[in-house]
Asker: 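Let me begin by handing over the structure; questions about it come next.
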Amino acid sequence: MTETTATAAPRWCLLGRDGTGAVTAVDVRADGTRGESVGLASEALPDFVEERERGGSAPRWVWSDAPSWYPQLLAAGVRVKRCHDLRLGHAILRQSELVRDRGPLLAAHEWDAAPTAEPEGPSADTALFDLDEPSGPASTVPHGTASVSAEFDRQLEAIAASTDPGRLRLLLAAESAGALVAVELRAAGVPWDAAEHDRLLTEALGPRPPGDFKPAKMQAVADEVRAALGDREASLDSPPRLLRALRRAGIDAGSTSRWELAEFEHPAIEPLLRYKKLSRLLNANGWSWIDEWVHEGRYRPVYVPGGVVTGRWASSGGGALQLPRALRPALRADPGWMLVSADVAQLEPRVLAAMAGDRAMAAAGYGKDLYSGLMESGIVATRQEAKIAVLGAMYGSTTGDSGRLVPRLRQGFPAAMRLVDRAAEVGEQGGIVSTWLGRSSPAPSSEWAELQSRASLPGATSRDEGAARRAAREFGRFTRNFVVQGTAAEWALAWLAELRLRLAALPLDERIDPASASGPAFERRPHLVFFLHDEVIVHAPASQAETAADAVRASAEAAGRLLFGGAPVDFPLDVRISERATKE
DNA sequence: ACCTTAAGCGCG
DNA sequence: AAAGCGCGCTTAAGGT
């Protein structure tokens, strides 16, 4: 993620579209001056981009958003090293407390668009829809050359005049790299063994039944439940009706949720919990999921970078972020390929230690499991207690075991705890907090503010006061967690950004037949296929699996240095090389 | 017949 | 074993 500082070479290249769909490219030098505008037919863009990428000083491509531009390039076999995603940049900068004058960005409403839904680009229908919808947030981002150029200037100006240009530059570079990764992930697809998936389903549920019938094993469990309830008509699939059936059988539950049902001693409970598990598997990730999301051996979920307020990715379709671990074995490398799976141990507490400069907390996790480190340092008695205490500190628990253990952490790691406690205080007062690189939390809603002011008026009832206090604490827990979750997301983006560049620089594996390769730009070379907050999976030719694993580790180190410099915090990875992803 | 909301549970 | 944060997805229920 280093910037080239060549003076003559253009630093950025702006891409826009004119009314006819043709592309214009404009070079921008480091001082902001523009080169001549180059007109290109849409079909000529991949060659144009590839030629610029091949040289030693590829520009950072500035475009409306990656999903509108990048899929076509990838389909033509062209990757880019860096981009500036204006939609994502706008969303960050218009909100960031580091930006001194947000006025110009806040006024540019046309950039407050939702993510481009289809990676293939906006369809004609969406464009018509926009014309019919003169007010309200835009559903697509502007692509016109003038709009793109003006927004880029606004963003550069906002960054330059901010309280910390370096951090915001890093944040936007990382966010934009994430946007590239998301498009690349979808293009590559997750190598998915539908036969193995089917085998797992059949093992749990019974063979796939025709139509809407229940699978046999699931039906058998349902029969067990009904027998234990003494009610052959009991409905198990509708919570309200199930609740009534349970009550008729003497189980006086307040809801049908798992943890509540587990409290009751009744022969129907155990099979019912089993039934709910099977039902969930069938409905969320059953055969119809395979039909919808897996084609030609690839599962292609839709990722939404920056889709969560904290900066985490969201997903929209395919449920990539909620894949049950039980189905992980269906994620299987192609013949001759391997999976390199890596996850960071205790990312969030490590990020917290680094942000707070808490040397004691950093030392507790250095080179080892952080929870065990806490136990060994005598702050808590067991690893389990350490985990509960740490999660409680980051989420703001006040009750139960967690609430009891957090004060010990406050004693052992005062710097780290001060940071999250302070973030919570700010939120309780309706304030805004920011991540390490400058992503800021949203202000509380107007309803929240009204609740607070009503409670402070003379005529306020104790009911008003209670409600206001609860809402204040709730918002405090949100801001407390925001700084940690958001900074962890930044670390993960930096990891991805570094990794995709390192992988793309690896040599092609000449022994792999191009015809058997998975996607246009991914032939014969290790590439990312899965990302889940603190975890990546790389699909690599077997001969390059070790090299890819080294790249994964080196990228994690680089991410730590990039964000936190010399802070004595490490981010140890659990790296596995295997043919199929495993449950643990 | 359509849209929104809530419950429940999957993930970190 | 569950409460403290952030999500998406499916189904059923409730509203129009």
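Chain letters run A, B, ... following the sequence lines, proteins first and then strands; every chain starts at 1.
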Asker: Could you check whether A/R480 gets within reach of a base, just the sugar-phosphate, or nothing at all, counting any heavy atom under 4.0 Å?
Answerer: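 No contact.
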
Asker: Does C/dA3 have a Watson-Crick or wobble partner in any strand here, with both distances under 3.5 angstrom, and which is it?
Answerer: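 Check on C/dA3: unpaired, no WC or wobble geometry under 3.5 Å.
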
Asker: Using 30° and 60° as the class boundaries, would you call the ring planes of A/H527 and A/H539 parallel, tilted or perpendicular?
Answerer: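 Plane angle over 60°, so perpendicular.
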
Asker: Given B/dC11, B/dG8, C/dG4, identify the nucleotide with an atom nearest to the side chain of A/R477.
Answerer: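 Nearest listed nucleotide: C/dG4.
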
Asker: Which is true for A/V484 with a 4.0 Å heavy-atom rule: it touches a base, it touches only sugar-phosphate, or it touches nothing?
Answerer: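 It contacts nothing in the nucleic acid.
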
Asker: Let's see if you can work this out: which of C/dG4, C/dA2, B/dG10 has an atom nearest to the side-chain heavy atoms of A/P324?
Answerer: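 Out of C/dG4, C/dA2, B/dG10, the nucleotide with an atom closest to A/P324's side chain is B/dG10.
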
Asker: What nucleotide, of C/dG4, B/dG10, C/dA2, holds the atom closest to the side chain of A/Y395?
Answerer: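 Output: C/dG4.
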
Asker: Within the 4.0 Å heavy-atom criterion, would you say A/E292 contacts the bases, only the backbone, or no part of the nucleic acid?
Answerer: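 Nothing, no heavy atom under 4.0 Å.
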
Asker: Determine whether the aromatic ring centres of A/F531 and A/W495 lie less than 6.0 Å apart.
Answerer: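 That pair fails the under 6.0 Å test.
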
Asker: Counting the atoms with a prime plus P, OP1 and OP2 as sugar-phosphate, which does A/G311 contact under 4.0 Å by heavy atoms, base, sugar-phosphate, or nothing?
Answerer: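 Counting heavy atoms under 4.0 Å across all strands, no contact is made by A/G311.
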
Asker: Base, sugar-phosphate, or nothing: which does A/G400 touch, judged by heavy atoms less than 4.0 Å apart?
Answerer: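 Counting heavy atoms under 4.0 Å across all strands, no contact is made by A/G400.
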
Asker: Is the shortest heavy-atom distance from the side chain of A/R350 to the side chain of A/L370 under 4.5 Å?
Answerer: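 Yes; the side chains approach each other to less than 4.5 Å.
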
Asker: Can you tell me how far C1' of B/dC11 sits from CZ of A/R312, to the nearest Å?
Answerer: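 So the two atoms are 9 Å apart, to the nearest Å.
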
Asker: Does a side chain donor of either A/E260 or A/S255 reach within less than 3.5 Å of an acceptor in the other side chain?
Answerer: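 Yes, A/S255 and A/E260 have a side-chain donor paired with an acceptor closer than 3.5 Å.
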
Asker: Would you indicate what A/T398 reaches in the nucleic acid, counting non-hydrogen atoms under 4.0 angstrom: base, sugar-phosphate, or nothing?
Answerer: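 Answer is nothing: A/T398 stays at 4.0 Å or more from every strand.
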
Asker: Which is more 5' along DNA chain C, the nucleotide nearest A/W293 or the one nearest A/V309? Just name the residue.
Answerer: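 The 5'-side residue here is A/V309.
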
Asker: Measure the distance from NE2 on A/H533 to C1' on C/dG6 and round it to the nearest whole Å.
Answerer: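 Atom-to-atom, A/H533 to C/dG6, this comes out as 8 Å.
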
Asker: To the nearest Å, give me how far apart CG (A/L282) and P (C/dT10) are.
Answerer: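 Checked: the CG to P distance equals 12 Å.
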
Asker: Rounding to an integer number of Å, can you tell me how far A/F478 CZ sits from C/dG4 C1'?
Answerer: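 It works out to 14 Å between those atoms.
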
Asker: Output the rounded distance in Å from NZ (A/K277) to C1' (B/dG8).
Answerer: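 To the nearest whole Å, that distance equals 12 Å.
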
Asker: Check every strand shown and say whether A/N285 touches a base, only sugar-phosphate, or nothing at a heavy-atom separation below 4.0 Å.
Answerer: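 Since no nucleic acid heavy atom lies under 4.0 Å of A/N285, the category is nothing.
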
Asker: Is A/E184 salt-bridged to A/R500, cutoff N-O under 4.0 Å?
Answerer: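 Salt bridge between A/E184 and A/R500, a charged N being under 4.0 Å from a carboxylate O: yes.
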
Asker: Check the chi torsion on C/dG6 and let me know: syn if it falls within 90° of 0, anti if not.
Answerer: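 What C/dG6 shows is an anti base, its glycosidic angle lying more than 90° from 0.
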
Asker: In whole Å, what is the span from the NZ atom of A/K214 to the C1' atom of C/dT11?
Answerer: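 Computing the A/K214:NZ to C/dT11:C1' distance gives 12 Å.
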
Asker: Quick check: on DNA chain C, is the nucleotide nearest A/G317 upstream (toward 5') of the one nearest A/A262, or the reverse? Name the residue that is more 5'.
Answerer: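 Its nearest nucleotide being more 5', the pick is A/A262.
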
Asker: Which nucleotide in the list C/dG4, C/dA13, C/dG8 gets nearest to the side chain of A/A314?
Answerer: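 Shortest atom-to-atom distance from the side chain points to C/dG8.
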
Asker: From B/dG8, C/dG4, C/dT11, pick the nucleotide closest to the side chain of A/P239?
Answerer: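 From the listed options, B/dG8 comes nearest.
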
Asker: In whole angstroms, how far is the P atom of C/dT11 from the CH2 atom of A/W289?
Answerer: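 Nearest whole value for this atom pair: 15 Å.
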
Asker: A/L321 has an atom CG; how far is it from atom C1' of B/dC9, in whole Å?
Answerer: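 Rounding to the nearest Å, CG of A/L321 and C1' of B/dC9 are 15 Å apart.
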
Asker: Should C/dG15 form a Watson-Crick or G-U wobble pair with both distances under 3.5 Å, which nucleotide is its partner?
Answerer: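 Base-paired to B/dC2.
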
Asker: Would you indicate, yes or no, if C/dG6 has its OP1 or OP2 atom less than 4.0 angstrom from a side-chain nitrogen or oxygen of A/N481?
Answerer: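 No, outside the criterion.
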
Asker: For A/G403, answer base if it contacts any base atom (sugar-phosphate contacts may also be present), sugar-phosphate if it contacts only those atoms, and nothing otherwise; contact means non-hydrogen atoms under 4.0 Å.
Answerer: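 Nothing, no nucleic acid heavy atom in range.
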
Asker: For B/dG8, take OP1 and OP2 only and decide whether either is under 4.0 Å from a side-chain N or O of A/K276.
Answerer: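 Result: no.
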
Asker: Have A/E490 and A/T435 got a donor and an acceptor in their side chains that come within less than 3.5 Å?
Answerer: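 Result is yes, a qualifying pair exists.
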
Asker: Under 4.0 Å between a side-chain N or O of A/R280 and OP1 or OP2 of B/dA7?
Answerer: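 So the side chain of A/R280 is outside the cut-off, no N or O lying under 4.0 Å from OP1 or OP2 of B/dA7.
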
Asker: Looking at A/S402, does any N or O in its side chain come under 4.0 Å of the phosphate oxygens OP1/OP2 on C/dA2?
Answerer: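 No, no such contact exists.
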
Asker: Is the distance from OP1 or OP2 of C/dA13 to the nearest side-chain N or O of A/S238 less than 4.0 Å?
Answerer: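 Yes, because at least one side-chain N or O of A/S238 sits under 4.0 Å from OP1 or OP2 of C/dA13.
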
Asker: Where the side chain of A/T310 is defined as all heavy atoms beyond and including C-beta, which of C/dG6, C/dC5, B/dC9 is the nearest nucleotide?
Answerer: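 My answer, after comparing the listed nucleotides, is C/dG6.
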
Asker: Aromatic ring centroids of A/W491 and A/F564 under 6.0 Å?
Answerer: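 Not under 6.0 Å, so no.
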
Asker: So A/I388, base contact, sugar-phosphate only, or nothing? Heavy-atom distance under 4.0 Å.
Answerer: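 Result for A/I388 = base.
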
